[in-house]
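Contents: one structure, followed by commentary.
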Amino acid sequence: MPLSGLIRALVVLAVLAVLPRPAVAQGLDAAPVAALPAPRLAFSEAEMRLAERVAAHPGLADFYGSNGLKPVFLGAGGAARRAALIEAVGQAASHGLPAGRYRPAVLRQLDRDGAGTVEAELRFARSFADWSHDVTGGILDPRRVEPGIKREVQRPRTGDLLRAFARAADPAAMLAGLPPQDPRYEALRQALARQSRLVAPADAPRVPEGLWREGVSDPAVAALRVRLASVDFAAPATGSPLTFDAPLAQAVAAYQQAAGLPADGVAGPRTVARLNRGTGPEAEAILVALERMRWMAGHDLNARHVWVNLPEFNARIYENGQEVFETRVVIGKANREFETPEFSETMKYMVVNPRWNVPRSITVKEYLPRLQANRHAVGHLDVVDGAGNVIPRDRIDFRKYTAKTFPYRMRQKPSDDNALGQVKFMFPNPWNIYLHDTPTKHLFNQSSRAYSHGCIRVGRPVDLAHELLKGQVESPEAVFAKALKSGRETYLNLRPPVPVHLVYFTAFPDQTGQIRRFPDIYGRDALVHAALVKAGLDSAAGDE
């Protein structure tokens, strides 16, 4: 864009910022020309340079356009803002974010030099934009990481955040409020800090492989003693440093407890391997969990909501941050075609005595071949046409159809053995995923419960229905029982609707703050971690 065009664009942004809200909504043509402020036609050399430099960054162009191209980080007036930002980005590692992305060393040097140039203003502004973007919604776009992650991040606009920062009486407090304020996020940060403290410095000696226990004397014991001391588990020798004594056994046990290993005081293969390596799977899972919590930052997790953690095979209802209901669930098979996706939607209603409209993929892949072999197969299902009419099977030659040309649907009436059981819970979404009852109860006794075609089977569906209806009817049990007794498909609307979050945490705090671990059943965490590593490397490799 020519510079004159950029200036005009910035002036329009400034005009929009001061227009009354109705006029903005209707467009510039709706406001009388006489009511508009006179556009600025003269700009200083510094303002022109700033306008040119922020043109490629819409968020910064938005802010500086509305701010009259005035700096907010320069000189003594910006000292408090500079100090606050330097302090905030200095905490990047504790959030599991790549510190180099925010150029803290560059910011500190510019601050020491007085930050008196447009280039300094831009560097601080860019670091603010990157930091505020990352801590309020994550460094990654989750939908680009893996096809099963459908999550759309709701993050605030950079221009709005920078305006709030410029107005803040306490810039540091404003920045402190940007990361997720959920206590579970803080618990994950603390867990990451504990894991980081277990990583020995590069110059610490590695411990030779072996089984080192009290009473053993070997040069490896001296290396073990030094490496433990380097991570703050010192055990001064009572005699020779080569001898494994009682204080060293106590130090090994304390380290094992901190690392989540059996605390037996014996440095066996697992303990030695954990002590010798850097960050391991535990820390990686926490890094990914922090990023996933940032993806959720745009949702009010204090409001009543349903939380389904897929790797945990569990669903909960939370109110005011507290768990009020819990049930086991069965999720989609660990097969790309059947994996349950991650997303958030709103549960609007439940269906009692639901009919099961068989998904087309199941109809043509599983049932059509059986019908071609025997038209009376899967007799519990009706064959219906596009208008919903049941078609007698003796009127259909199933053998003449393929998966692409089969013109019918299949449907199961409400019944005790209906695949959806007594109730399904609907939060309409493009992937036709919902929660439902099931007649196949034995699967809830399995520790790993990935058996469905993608939808989520609920272990305590009737109790879930009662809990969801609580507060909107006097007797949820009576309302549900009446609908069930009718035998008819019955819709019960939820007022108000309830947010549903299908999430994927392989490391997550329980109610006590203790981090619990779950299997990466779909391999998604590995992909998210690889993307985080790449984002950190990409950030470190380039500057503007």
Residues in salt bridge (Lys or Arg N to Asp or Glu O under 4.0 Å) with Arg457, at least two apart? none

Within residues 315-329 or reaching into it, pairs that qualify as salt bridge (charged side-chain N to carboxylate O under 4.0 Å, His left out) - sequence neighbours excluded: Arg304-Glu319, Glu312-Arg316, Arg316-Glu323

Can you name the side-chain hydrogen bond (donor to acceptor under 3.5 Å, both in side chains) partners of Asn493, sequence neighbours left out? none

Distance-only donor-acceptor hits, side chain of residues 143-150, under 3.5 Å, sequence neighbours excluded:
residue, atom, partner, partner atom, Å
Glu146, OE1, Gly148, N, 2.5
Glu146, OE2, Arg336, NH2, 3.2
Lys150, NZ, Pro147, O, 2.8

side-chain hydrogen bond (donor to acceptor under 3.5 Å, both in side chains) partners of Tyr434, counting only residues at least two apart: none

Check: His501 ring centroid to Phe343 ring centroid under 6.0 Å: no

List for me each residue that meets salt bridge (Lys or Arg N to Asp or Glu O under 4.0 Å) alongside Lys482, sequence neighbours excluded, and say none if there are none. none

With no hydrogens and no angle check, do the side chains of Asp525 and Thr506 hold a donor and an acceptor under 3.5 Å apart? yes

Those residues at least two apart in sequence (or on a different chain) that pass side chain to side chain contact (heavy atoms under 4.5 Å, CB included) with Val266 are Leu211, Arg213, Asp264

Is the gap between the ring centers of Phe427 and Phe425 under 6.0 Å? no

Can you name the ring pair (Phe, Tyr, Trp, His ring centres under 6.0 Å) partners of His453, sequence neighbours left out? Phe338

With Phe128 via ring pair (Phe, Tyr, Trp, His ring centres under 6.0 Å) - residues at least two apart: Phe165

Hits for side-chain hydrogen bond (donor to acceptor under 3.5 Å, both in side chains) against Arg157, two or more places apart or cross-chain, chain-then-number order -> Asp160

Kindly state each residue pair satisfying salt bridge (charged side-chain N to carboxylate O under 4.0 Å, His left out) with at least one member in residues 189-198, sequence neighbours excluded. Glu186-Arg189

Listed partners of Glu152 passing side-chain hydrogen bond (donor to acceptor under 3.5 Å, both in side chains), at least two apart: none

